[in-house]
There are 2 protein chains.
Amino acid sequence: MTIDDAPRDALRGGPRELLRWVATGAAVSRADLSRLSGLSPSTVSQRVEALISQGLLEEAGAGRSRGGRRPRQLAVPTGGAVVGAIDLGAHHARVGALDLSGRVVQARTLPVRIEDGPEAVLGALLAEVATLVDGDPAASRGGSATGALRGVGIGIPGPVQHSTGRIVSPSRMPGWNGFDVAAFCAGRVDVPVIVDNDANLMALGAHRTAHSELDHAVYIKAGTGIGSGVISSGRLHRGAQGSAGDISHCRVVADPAPPCTCGNAGCLEAVASGAALVTALREQGVPVSDLTGVIRLIDDGDRQATALARQAGRAVGEILAVVVNFFNPQVVAIGGRLADCEPLLASMRATLYERCLPLATQTLLIERVAAGQDVGITGAAHLVIDHVVAAA
Amino acid sequence: MTIDDAPRDALRGGPRELLRWVATGAAVSRADLSRLSGLSPSTVSQRVEALISQGLLEEAGAGRSRGGRRPRQLAVPTGGAVVGAIDLGAHHARVGALDLSGRVVQARTLPVRIEDGPEAVLGALLAEVATLVDGDPAASRGGSATGALRGVGIGIPGPVQHSTGRIVSPSRMPGWNGFDVAAFCAGRVDVPVIVDNDANLMALGAHRTAHSELDHAVYIKAGTGIGSGVISSGRLHRGAQGSAGDISHCRVVADPAPPCTCGNAGCLEAVASGAALVTALREQGVPVSDLTGVIRLIDDGDRQATALARQAGRAVGEILAVVVNFFNPQVVAIGGRLADCEPLLASMRATLYERCLPLATQTLLIERVAAGQDVGITGAAHLVIDHVVAAA
DNA sequence: TCACTTTCTTCGATTACAAAACTAAGTCAG
DNA sequence: CTGACTTAGTTTTGTAATCGAAGAAAGTGA
């Protein structure tokens, strides 16, 4: 199954946008939607009618008058249709059921062992999606068509060809190379399955929830691995091969240059990823087992760990400086487990300001990704919803 | 005067695109246009009618039959409306008059002294534009409104805020900082004036003439200075402040790191620009006066010059590797006077292939910008035409 | 009770495009 | 040289999306 690309009309009054405004509470009535979208009241009425008849929207009684007729309130049906989302990480996966507005209905984190291979891992996660969807108490009140699963979105911590759903030479996912995730999943669930890189999904989720008014944004995901997602003109930029944002193997100055899993040395991933920090600390004789341990050390002010975090921040900043000069985004946000690591963030910021064109940093926002552990599944859900609502 | 941004409908059957297809010879008849654009014959007929009545297109007799009725050939009126274009460089400016298809009607290169300041330089160039437009022999055959100048596009070798036409802290243009080029020119000619960075114009020109079917492209302009222009989803990406593509002050590894005009050291511009090569050679005691001399030395196989060219190529490649990984374009093309310098190109290529993700370089085209010395004015003309035809 | 507001719908008018039928003008086989 | 077939282009009609104006619905407040 080939998924057609980005929603062309996600901008300006498309059904998705109306839905999102209602969902976020930005709009409560048709009149609100008209004002927000710039569409005429008649057009909005018509569209809302269509959405209601599809079960994607419902009326929720009358609101307070503001001096005239009371608005007929709109709402996204709770307990209505949902989408499933999986944000696969190196050691854990976040699995969730979200309503068509992109709000999390149910979610939980599961431990995974990537090395068990795609069939085992994805099979278990899809089963969990099914459980979460059924387990939604509101959804179980009837067999109506609107209460059903409409699609599943999956984020993979490695390069994915979004158009086909196939994984392409991932560096930390033994046994997954070339695996067709979309096809495998399509065989287990009879709804559309959309697969994308985890950083792309984080970018989409963060952009939609926090920066939807900004045109150009870059989101860095720094966890066990390191990647980024790019929003250009309000849309996810995937590039020619779908590998846009994959900065993990950009070379940075580091002495000595640590060897990378890709065979080169001095890659950003080998200097600034969570995995790299663990390795480097171990080599220095510090007994840490995983990224959680490293973060704890840094929070405790451990000198070696902090020094490494600073070096990592500089490395990220170095690459990001080129990206900011080149792409000139309105915002650069960093997410993933390392985003909470203050020293890293601080030296990244410093490097950015030092190395970028003043014009480019003058109004640039440098932030932490806000949405927390659910950004990934939120982004996945948005991707699916865009696809599902477009098809409706 | 604020110019509204990018033509939203430049893609798929807009008037501009029809015009361009006729101009490039891709389409000769209405039927051709229908096939190319995917629009129905009736719609094409209608649009062509409109373009003809605006004097932007004309019928040019019947063509050869291909087994049926002969096509009524279409052509862009020669000697009809023209646009003026100025591609300002560090020492020279290319000035031209182009027809509404973007074809060069008249063009010449003038020496300029940037340091004479904006009024003097721009005044002289605008006068030259007027001469070229009047001097077009075909245009002088009548005072019809279609034979007139419709707009002027200007490329500036420094940061420009495209929306306002104002220059922002240029590094090699003393006396130009903050100058409002658009306003100044609008006072001298009573047609729209559009101002942009020279690299952006080169990108637009090269993309429209050579890569119009590619979505994502990066064009490097390596001349006296060094800059780049970015095409994302078929449109010029200017970024938040309009400074996208300005990679001149990205830091590269160089030992010793040469000081840059910006106050930092080791900037790409201080290592790989034409100006930097001249400076470096002089410091090594080689008596060269300008970039032309440097290029001659390189062509002659001079050891010192060639070594510097290689170092410059590596530096460009280093930055470009990050850009390619991040942006994943279909093509990277290099233009400007240094583009003909083989050793530079070769080491840039090598660095790119060495440092990029295989997935990103697998189908990546790495080329020289083809269109020669007129790319800049061609891009400028396209920008103006897009604006003018959209307004019509 | 009446003027006024806000909300939402209804009803043309407009625009942009497509589909189909038709006209125009040719080729080519017999 | 005639008729079947092709290609080119126009005209007519239909459809979908959207807007604008008018009005209906439902309220507020003096």
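From a predicted model like this one, the values you see are computed outputs, not experimental measurements. Note: hydrogens, waters and symmetry copies are ignored here, and every other heavy atom, side chains too, is used. Within every chain, numbering begins at 1; the chains are lettered A, B, ... in the order of the sequence lines, protein sequences first and strands thereafter.
With salt bridges taken as basic N to acidic carboxylate O contacts below 4.0 Å, none links A:Asp386 and A:Arg235.
Residue-to-nucleotide contacts include no donor-acceptor pair under 3.5 Å from the side chain of B:Ser29 to the base of D:dG9.
Qualifying side-chain hydrogen bond (donor to acceptor under 3.5 Å, both in side chains) partners for A:Ser101, counting only residues two or more places apart in sequence or in other chains: A:Asp99. Qualifying side-chain contact (heavy atoms from CB on, under 4.5 Å) partners for A:Asp374, counting only residues two or more places apart in sequence or in other chains: A:Arg94, A:Val104, A:Ala107, A:Ile377, A:Thr378. Every residue two or more places apart in sequence or in another chain that forms a ring pair (Phe, Tyr, Trp, His ring centres under 6.0 Å) with A:His237 is listed here: B:His216, B:Phe327. With sequence neighbours left out, A:Asp32 forms a salt bridge (charged side-chain N to carboxylate O under 4.0 Å, His left out) with A:Arg35. For A:Glu49, the side-chain contact (heavy atoms from CB on, under 4.5 Å) criterion is met by A:Arg30, not counting sequence neighbours. A:Leu365 is linked by a side-chain contact (heavy atoms from CB on, under 4.5 Å) to A:Leu214, A:Val331, A:Glu367, counting only residues two or more places apart in sequence or in another chain.
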Protein N or O to nucleotides 1-6 of chain D N or O, pairs below 3.5 Å:
from	atom 1	to	atom 2	distance (Å)
D:dT6	O2	B:Gly67	O	3.2

For nucleotides 12-16 of chain C, which of its nitrogen or oxygen atoms have a protein nitrogen or oxygen under 3.5 Å away, and what is each distance?
none

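Note on residues 64-75 of chain A: pairs passing side-chain hydrogen bond (donor to acceptor under 3.5 Å, both in side chains), not counting sequence neighbours, are A:Glu59-A:Arg72.
Put simply, A:Arg64 has no side-chain N or O that comes within less than 4.0 Å of OP1 or OP2 on C:dT6. Contact annotation: A:Ser65 side-chain N/O to D:dG27 OP1/OP2 distance is not under 4.0 Å.
Atom CG in A:Leu18 sits roughly 14 Å away from atom P in C:dC8 (whole-Å rounding).
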